[in-house]
Novice: 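Below: one structure in structure tokens.
Below, all heavy atoms of this structure are taken into account, side chains as well, without hydrogens, waters or symmetry copies. These figures come from a predicted structure and were not determined experimentally. Heads up: numbering here begins at 1 and tracks the sequence.
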Amino acid sequence: MPMIYAHRGASGYAPENTLRAFALAADMHADGVELDVQRTRDNVLVVFHDETVDRVTGGHGFIADMTLAEVKRLRVCKPFPDQPDEIPTLEEVFSLLKARGLKCNAELKNSVLPYPGMEEQTLDLAAKTGMTGAMLYSSFNHYSMARIKQLDPTAKTGLLYGATLVRPWDYAKSAGADALHPEFTEVLQVADEVQRAHALGIEINPWTVNAPEHLRAMIDAGCDRIITNYPDRALAMLG
Ligand code: G3P
Ligand code: MG
């Protein structure tokens, strides 16, 4: 049975990547959450998807150009204007997840801005908050996942991508990763992808699976973790 990870928290119901969305995922009994990590000008890791704040807050500009104090003055208010919430630090989110017993897929957003040292910082914060054993790291920057392995060979890593690759399981194996994180349509298109990956000890953790028919297909394909904005839908299917 797959584990169900709430994408940016239960972001189908609450502002993405906020404590509100992560608490809601816990209330829905998700196994874990997926979240996105960016970094402020004063080097604090925060949980936010985009490099800029424009899409989901009333503000403007790059997170990397703002101090934490400036980031904390913003509110994530789109598309749920009646549920505004702060941009949380990664430490605040790890503390909530630890208290609620949730696992975490931390996606390092270091494929646009490089954020040097983000890997060490994230591993250290996971250790500080007691989350080390609950962590799975991922990134579209696959060198960053190699860096995670170099820093902690016991850390679990997943390779994110949005293409339909040829024999991605071989690539994951040669890159030293534990999991493939494909955009879910790849699993629909590549015959026996899950079986081929599993034969090499590689997990398949597709994103972002929201429609009931797609959730059903990912469950039936034997995926390991399903990343969805609607964890309640997926969990209802699993009974
Ligand atoms: O980690 C799965 C998914 O979140 C990757 O894409 O853009 O939603 O962060 P994105
Ligand atoms: Mg993400």
Novice: If you compare all heavy atoms of His198 against all heavy atoms of Gly222, which two are closest, and at what distance to 0.1 Å?
Specialist: CE1-O, 3.5 Å
Novice: Evaluate the ring planes of Tyr171 and His142, with Trp represented by its six-membered ring, and classify them as parallel (under 30°), tilted (30 to 60°) or perpendicular (over 60°).
Specialist: tilted
Novice: Considering all heavy atoms of both residues, which atom of Gly176 and which atom of Thr157 are nearest to each other, and what is their separation?
Specialist: O-OG1, 4.2 Å
Novice: Taking Ile4's backbone N and O only, do any of them form a donor-acceptor pair with Asp31's side chain (distance below 3.5 Å, no angle check)?
Specialist: yes
Novice: For the pair Arg75 (side chain) and Lys72 (backbone), establish whether a donor and an acceptor sit closer than 3.5 Å, ignoring hydrogens and angles.
Specialist: yes
Novice: Counting distance only, does the side-chain N/O of Arg8 pair as donor-acceptor with the main-chain N or O of Asn229 below 3.5 Å?
Specialist: no
Novice: Parallel, tilted or perpendicular: which fits the ring planes of Trp207 and Phe140, with parallel below 30° and perpendicular above 60°?
Specialist: perpendicular
Novice: Compare all side-chain heavy atoms of Phe22 with those of Val47 and state whether any distance is below 4.5 angstrom.
Specialist: yes
Novice: Under 4.0 Å between a Lys/Arg side-chain N and an Asp/Glu carboxylate O for Lys149 and Asp178?
Specialist: yes
Novice: To the nearest 0.5 Å, what is the distance between NE2 (His49) and CD1 (Ile63)?
Specialist: 12.0 Å
Novice: Among His7, Met218, Met237, find the one that has a side chain to side chain contact (heavy atoms under 4.5 Å, CB included) with Ile226.
Specialist: Met218
Novice: What closest approach, in Å, do Asp36 and Glu107 show between heavy atoms, and which atom pair accounts for it?
Specialist: OD1-OE1, 2.8 Å
Novice: Does the side chain of Arg225 come within less than 4.5 Å of Glu34's, by heavy atoms?
Specialist: no
Novice: Indicate yes or no: at least one non-hydrogen side-chain atom of Leu68 is less than 4.5 angstrom from one of Thr89.
Specialist: yes
Novice: Can any side-chain N or O of Gln83 pair as donor or acceptor with the backbone N or O of Arg20 at less than 3.5 Å?
Specialist: no
Novice: Would you mind reporting whether Asp170 and Leu200 have side-chain heavy atoms less than 4.5 Å apart?
Specialist: yes
Novice: Has the side chain of Ser138 got a donor or acceptor atom that lies under 3.5 Å from a matching backbone atom of Leu160?
Specialist: no
Novice: Treating Ile, Leu, Val, Met, Phe, Trp and Tyr as nodes and any side-chain heavy-atom pair under 4.5 angstrom as an edge, say whether Ile227 and Tyr13 lie in one connected cluster.
Specialist: no
Novice: Taking side chain as C-beta onward, heavy atoms only, is Phe62 less than 4.5 Å from Leu113?
Specialist: yes
Novice: Check this for me, if you would: do Asp50 and Lys109 make a salt bridge, where the nitrogen-to-carboxylate-oxygen distance has to be below 4.0 angstrom?
Specialist: no
Novice: Surrounding NZ of Lys78 (heavy atoms of other residues, nucleotides or ligands, distance under 6.0 Å), is the total greater than 12?
Specialist: yes
Novice: Taking Thr67's backbone N and O only, do any of them form a donor-acceptor pair with Glu70's side chain (distance below 3.5 Å, no angle check)?
Specialist: yes
Novice: Under the side-chain contact (heavy atoms from CB on, under 4.5 Å) criterion, do Val44 and Val71 qualify, and how do the steps go?
Specialist: CA-CA 10 Å; Val44 181; Val71 165; over 6 Å; no
Novice: Just by distance, with hydrogens left out, do Asn110 and Ser139 show a side-chain donor and acceptor under 3.5 Å apart?
Specialist: yes
Novice: Out of curiosity, Lys128 NZ to Lys98 NZ, how far, rounded to the nearest 0.5 Å?
Specialist: 15.0 Å
Novice: Decide yes or no for Phe94 and Met135: does some side-chain heavy atom of the first lie under 4.5 Å from some side-chain heavy atom of the second?
Specialist: yes
Novice: Picking from Leu136, Val33, Leu35, what satisfies side chain to side chain contact (heavy atoms under 4.5 Å, CB included) with Asn105?
Specialist: Leu136
Novice: Please confirm whether the backbone N or O of Gly61 pairs with a side-chain atom of Asp54, one donor and one acceptor, at under 3.5 Å?
Specialist: yes
Novice: Going by heavy atoms in the side chains, are Leu19 and Glu86 under 4.5 Å from each other?
Specialist: no
Novice: Indicate the atoms forming the closest heavy-atom contact of Thr228 with Ala234, along with that distance.
Specialist: CG2-CB, 4.3 Å
Novice: Is the closest side-chain heavy-atom distance between Phe80 and Asp85 below 4.5 Å?
Specialist: no
Novice: Can you measure from CD (Glu203) to CG (Asp224) and round to the nearest 0.5 angstrom?
Specialist: 4.5 Å
Novice: Linking I/L/V/M/F/W/Y whenever their side-chain heavy atoms sit closer than 4.5 Å, directly or via other members, would Met145 and Leu45 fall into one cluster?
Specialist: yes
Novice: Atom CD1 in Ile148, atom CD in Gln150: separation rounded to 0.5 Å?
Specialist: 10.5 Å
Novice: Measure across Gly59 and Leu74 and return the closest heavy-atom pair with its distance rounded to 0.1 Å.
Specialist: CA-CD2, 3.8 Å
Novice: Does either side chain, that of Ser144 or that of Glu119, offer a donor lying less than 3.5 Å from an acceptor on the other one?
Specialist: yes
